[in-house]
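Comments concern the structure below.
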Amino acid sequence: MQFDNFNTDMFLRDYWQKRPLLIKNPWRSWRNPLSPDELGGLACEDHVESRLITQSSDDWNAEHGPLPEARFGELGKTPWTLLVQAVDHHVPDVAALIEPFRFIPNWRIDDVMVSYASDGGGVGPHFDHYDVFLVQGLGKRRWQIGKMCDDQTALRSHEDLLLLADFEVVDEWILEPGDMLYIPPGIAHNGVAIGEDCMTYSIGFRSPSRKELIGNWCDVMLPELTDDDRYSDPDLTAQQNPGEISAAAVERLHAMLTEKFADRAAFARWFGTYSSTPRYPETDWRPEKFIEIEQMQDLLSAKHPLLRNPASRFSFIREGNDKLLLFVDGECFPCVDEAIKLAEMLCAEDQCIVDPERSRSDDVVALVTELYNRGSLAFDWG
Ligand code: SIN
Ligand code: CO
């Protein structure tokens, strides 16, 4: 999938994280990558996360998958929506939808959720904490957008869905196949299917909250701290009022925290492993038999194309000019020399052929072997 008519620099400058944008069919040639039946089939599988939302008068009801196949036959005339998470992990043609969005870094990309709605179906007015591109795959949907929301915005009491108590429409559009709507975090939105067979692909992004960062980093930092690493004051002098916690004491106590948080290298390494940890590790590509280094050398010399597991997350952080930390699926692989070029290529392309010259390097072959045996990479025999 490729864009024919979409200016990424202009989009980033004027819209990304700023305001919504309707993009009328920007694709070279739009083709719906998945049929409604295939989506229904995925919702019946137990390793796939799905939800079925049914509407009655003014209320929404959510059921969690896997759904029994017979459930679809029971759905009557009332509007309903089926939502399936991370479809890109299971369907290569849906994974291909992410490629034109690679102008946004890998670590910010989440996955592709696909929805199918019957006439009048939708999930109700809500807001998300993440940016999203809503691509209309099949049929038509009316999208309405509202105001900016935050955690103070009033919600309806509903155990499963975060629906807005009030939704004031600011703008609306009808999307047809190939059309795309970008919605920044916090903007209220509501999509309602017009007619049957409405499919929407949500290319979703991630942005960690401060709460998540501090909480998760502390979880890994705490076990490394010891009880003898303590406050000490060998320079204590008598103070006028014993009740005062002196400025010098506050300074020293505060430094005990900030020194830890200021360790940028430790933070970068942690963040790389944290952000590359897969959310859905069920797409298991580990080979039945581990491959040996010599065998890998032969396969690479024969220019067999390598594929990234679509559920795997690949990113890197540079450490100076001659070292790079590659992060794949929650692990850190320090790279030097030729392995740096390999790591850069693996992060940039979801499939690649290793240059036979490069595959003479022991570091390169060792890294590919490790990633292959872990199931993060596989060969494309097709
Ligand atoms: C949908 O596809 O129906 C919902 C997507 C969203 O609003 O985030
Ligand atoms: Co939404």
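Whatever order the structure lists them in is the order used to number ligands and atoms, beginning at 1.
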At a 4.0 Å cut-off, with the gap strictly under it, does some heavy atom of Trp143 reach an atom of ligand 1? yes
Work out whether the distance between some heavy atom of Ser202 and some atom of ligand 1 is less than 4.0 Å. yes
Please confirm whether Phe379 and Tyr372 have ring centers closer than 6.0 angstrom. yes
Does NZ or CZ of Arg264 come closer than 6.0 Å to the centre of the six-membered ring of Phe267, within 45° of the ring's axis? no
Heavy-atom proximity to atom 4 (C) of ligand 1, picking from Val123, Val132, Ile53, points to Val123
Using a 4.0 Å heavy-atom cut-off, which part of Gln136 comes near ligand 1: side chain, backbone, both, or neither? neither
State the atom name: nearest N, O or S atom of Asp128 to the Co ion (ligand 2). OD2
Nitrogen or oxygen of His126 less than 3.5 angstrom from that of ligand 1: yes
Sub-6.0 Å ring centroid separation between Phe271 and Trp217: no
Using a heavy-atom cut-off of under 4.0 Å, does the side chain or the backbone of Tyr116 touch ligand 1, or both, or neither? neither
Is the shortest N/O to N/O distance between Ser115 and ligand 1 below 3.5 Å? yes
Report the angle formed at the Co ion (ligand 2) by atom NE2 of His189 and atom NE2 of His126, rounding to the nearest 10°. 90°
In terms of atom number and element, which parts of ligand 1 are under 4.0 angstrom from non-hydrogen atoms of Arg141? 3 (O)
Taking all non-hydrogen atoms of both residues into account, name the closest pair between Asn25 and Asp179 and its distance. N-OD1, 2.8 Å
Could you tell me whether Phe327 and Phe314 have their ring centroids closer than 6.0 angstrom? no
In terms of atom number and element, which parts of ligand 1 are under 4.0 angstrom from non-hydrogen atoms of His189? 6 (C), 7 (O), 8 (O)
Within the 4.0 Å heavy-atom cut-off, what Asp128 brings close to ligand 1 is side chain
Donor on one side chain, acceptor on other, Gln144 and Glu172, under 3.5 Å: yes
Taking only Lys NZ, Arg NE, NH1 and NH2, and the carboxylate oxygens of Asp or Glu, determine whether Glu344 and Lys341 approach each other closer than 4.0 Å. no
Please confirm whether the ring centroid of Phe3 lies under 6.0 Å from the ring centroid of Phe101. yes
